[in-house]
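Single-structure report; data block below.
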Protein chains: 2
Amino acid sequence: MAAFAEQIRKGRKFDQVLDGAREVFMRDGYEGASVDDIARAAGVSKATLYSYFPDKRLLFLEAARSECQRQARRALDQLDPAAPVEHALRTAAEHMIGFLLSTFGQGVYRLCVAESDRFPELGQMFYASGPAHVREQISAYLQYATARGDLAITDFDLAADQFTELCRADLFPKVIFGVQTRFSESEIRRVIDGAISTFMARYGTHRG
Amino acid sequence: MAAFAEQIRKGRKFDQVLDGAREVFMRDGYEGASVDDIARAAGVSKATLYSYFPDKRLLFLEAARSECQRQARRALDQLDPAAPVEHALRTAAEHMIGFLLSTFGQGVYRLCVAESDRFPELGQMFYASGPAHVREQISAYLQYATARGDLAITDFDLAADQFTELCRADLFPKVIFGVQTRFSESEIRRVIDGAISTFMARYGTHRG
DNA sequence: CCGAAACTGAACTGATCAGTTTATAATCGG
DNA sequence: CCGATTATAAACTGATCAGTTCAGTTTCGG
């Protein structure tokens, strides 16, 4: 997860450069972004930029890495173990869908999908701080709820993955391929309700 | 879905050009692909290529379009309405996962995600011939099975989307971010069994 | 077998872009 | 307030690439 950030870092405009890079890379992708654009966006001269980062590739990886960390931080605040299962799941679903539909979330996803064979480290990074991170948190909650007798699950990781996938139904493909970008409350509720119903039908214990 | 293919088409090397373009675009993405590479891959001179297509952009769109059509054609052969529901679903799941894990499938997906904001038409095209097409077929089958009394569904489209999402659990994120590229039979069976169990728990009628 | 249409290869144009250099100016610690 | 570090603007290099041109060759219908 680390292993870059070697010959990097020095003075005070470091973060400025990184912010500019994040912005432009996110908007234009790796190939689409020009270093001059980034320097301009960062409010910094090209020479300064190159004094911080040896080349565009490494600048990109650092920008992406910081973006992934940011994303991991903003992830699910610990699911509320006190609330009824349906309620906890609903909260989790709302968070995930909110991220997934945000222009920010789309940007990261698009970028990582596009560049993860040019930059294999990037794919790993995004996976670890995104899908894997979310899975861990949900899986832990599911174990807790199962121990309490509210759910009946044996493969917790699969159950967690299924839940997150159910939350993407209909919405995600439309967003990611630009077929529909805004969704009404009721369109979203339809998907969340559906996800919870299906999940509880399989894994719930208190029938009725 | 059409609306390109205007000033295109003339002689006999048309398909050669398109095949080369498909190959190279799929491998290198839009920016990454050079027209010289494409001409070389197609076994055609650059001048010939430009006699068929006015510019790189349109060549790309045509190549992507033909790829989408190809994909739609190779989609689920009509689900077998005679077989028991679980069996029909299993077959569908195997087809979808097979496509999803193929380098071919990954290539199209990656390309479309990456370029669908540079080329909005591309996103629409891919969505129509991919996700939407699959949804229609599965949804139709689910209506049939519900009418027969084997399933109890009200929102057929949502159910279809949920099933396809369930089939992606675990596998797809790993593949698309390059975390894992090959999967054993049992890894795949785990996901398919899980998808069917969850789906049937929610929508099945004959309990037991 | 002839003439037109399609194709070739190679050279060329003009633009863009990563990365460097240089001469100069701002900033800051002591 | 001096000297060193850090930043700047702008010009430059070398490479890549989309798209054009052209003189010559292949292909094919009639």
Side-chain angles (χ1 to χ4, degrees), chain A residues 4-65 111 114-115 117-119 121-122, chain B residues 4-65 111 114-115 117-119 121-122:
Chain A
F4 330 107
E6 300 312 327
Q7 334 148 286
I8 303 183
R9 239 179 235 266
K10 257 188 298 182
R12 62 188 187 283
K13 302 213 167 183
F14 185 85
D15 292 331
Q16 242 180 86
V17 174
L18 219 85
D19 288 347
R22 250 203 308 265
E23 178 196 328
V24 177
F25 279 133
M26 199 82 82
R27 170 160 42 82
D28 300 335
Y30 180 75
E31 291 278 13
S34 90
V35 175
D36 292 80
D37 279 356
I38 294 172
R40 205 172 311 121
V44 141
S45 80
K46 217 173 155 186
T48 299
L49 184 155
Y50 274 105
S51 84
Y52 285 116
F53 298 93
D55 61 14
K56 187 186 179 187
R57 196 190 152 88
L58 213 43
L59 172 58
F60 173 74
L61 280 172
E62 269 304 299
R65 193 164 73 98
L111 193 72
E115 307 297 351
D117 64 344
R118 195 196 318 259
F119 300 100
E121 316 94 308
L122 175 63
Chain B
F4 330 108
E6 299 313 326
Q7 333 146 290
I8 303 183
R9 232 175 242 268
K10 259 186 298 181
R12 62 188 187 283
K13 303 214 165 180
F14 185 85
D15 292 331
Q16 244 180 84
V17 173
L18 221 84
D19 288 346
R22 252 203 306 265
E23 179 196 328
V24 177
F25 279 133
M26 199 81 80
R27 170 159 43 81
D28 300 336
Y30 179 76
E31 290 278 14
S34 90
V35 175
D36 293 79
D37 278 357
I38 293 172
R40 205 173 311 121
V44 141
S45 80
K46 217 173 155 187
T48 300
L49 184 155
Y50 275 104
S51 84
Y52 285 115
F53 298 92
D55 62 14
K56 188 187 179 186
R57 199 188 150 87
L58 212 43
L59 172 58
F60 174 75
L61 280 173
E62 268 305 297
R65 193 164 72 98
L111 191 72
E115 308 297 350
D117 64 344
R118 196 197 317 260
F119 299 99
E121 317 93 309
L122 176 63

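A note on names: the letters A, B, ... follow the listed sequences, proteins ahead of strands, and every chain is numbered from 1. What you see below is based on every heavy atom in this structure, not just the backbone, and it leaves out hydrogens, waters and symmetry mates.
- The distance between atom CG of A/L49 and atom C1' of D/dA10, rounded to the nearest whole Å, is 16 Å.
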What's touching nucleotides 16-22 of chain C from the protein side, N or O pairs under 3.5 Å?
{"unit_1": "C/dA18", "atom_1": "OP1", "unit_2": "A/A33", "atom_2": "O", "d": "3.3"}
{"unit_1": "C/dA18", "atom_1": "OP1", "unit_2": "A/K56", "atom_2": "NZ", "d": "2.9"}
{"unit_1": "C/dA18", "atom_1": "OP2", "unit_2": "A/V35", "atom_2": "N", "d": "2.9"}
{"unit_1": "C/dG19", "atom_1": "OP2", "unit_2": "A/Y50", "atom_2": "OH", "d": "3.1"}
{"unit_1": "C/dG19", "atom_1": "OP2", "unit_2": "A/K56", "atom_2": "N", "d": "2.8"}
{"unit_1": "C/dG19", "atom_1": "N7", "unit_2": "A/K46", "atom_2": "NZ", "d": "2.7"}
{"unit_1": "C/dG19", "atom_1": "O6", "unit_2": "A/K46", "atom_2": "NZ", "d": "2.7"}

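- Separating the OH atom of B/Y52 from the P atom of C/dT8 is a distance of 9 Å, rounded to the nearest angstrom.
- Counting heavy atoms from C-beta outward, B/F53 and B/F14 have side chains that approach closer than 4.5 Å.
- By the side-chain contact (heavy atoms from CB on, under 4.5 Å) test, B/A21 pairs with B/F25, B/I38, B/L59, B/A63, sequence neighbours left out.
- Taking each heavy atom of A/K56 and A/E31 in turn, the nearest pair found is NZ-O, 4.0 Å.
- Within the 4.5 Å cutoff, side-chain heavy atoms of B/F60 are placed close to those of B/L122.
- Within the model, atoms CZ of A/R65 and CG of A/L61 stand 9.5 Å from one another, a figure rounded to the nearest 0.5 Å.
- Each end of the helix from C/dC1-D/dG30 to C/dG30-D/dC1 gets its own axis, taken as the rotation carrying the C1' atoms of four end pairs onto the next four within a five-pair window, and the two axes meet at 30° to the nearest 10 degrees.
- Identified under the side-chain hydrogen bond (donor to acceptor under 3.5 Å, both in side chains) test for residues 38-50 of chain A, with sequence neighbours left out: A/D36-A/K46, A/D37-A/R40, A/S45-A/T48.
- For B/R57, the side-chain contact (heavy atoms from CB on, under 4.5 Å) partners at least two apart in sequence or on another chain are B/Y30, B/D55, B/F119, B/E121.
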Pairwise N/O distances under 3.5 Å, protein to nucleotides 23-27 of chain C:
none

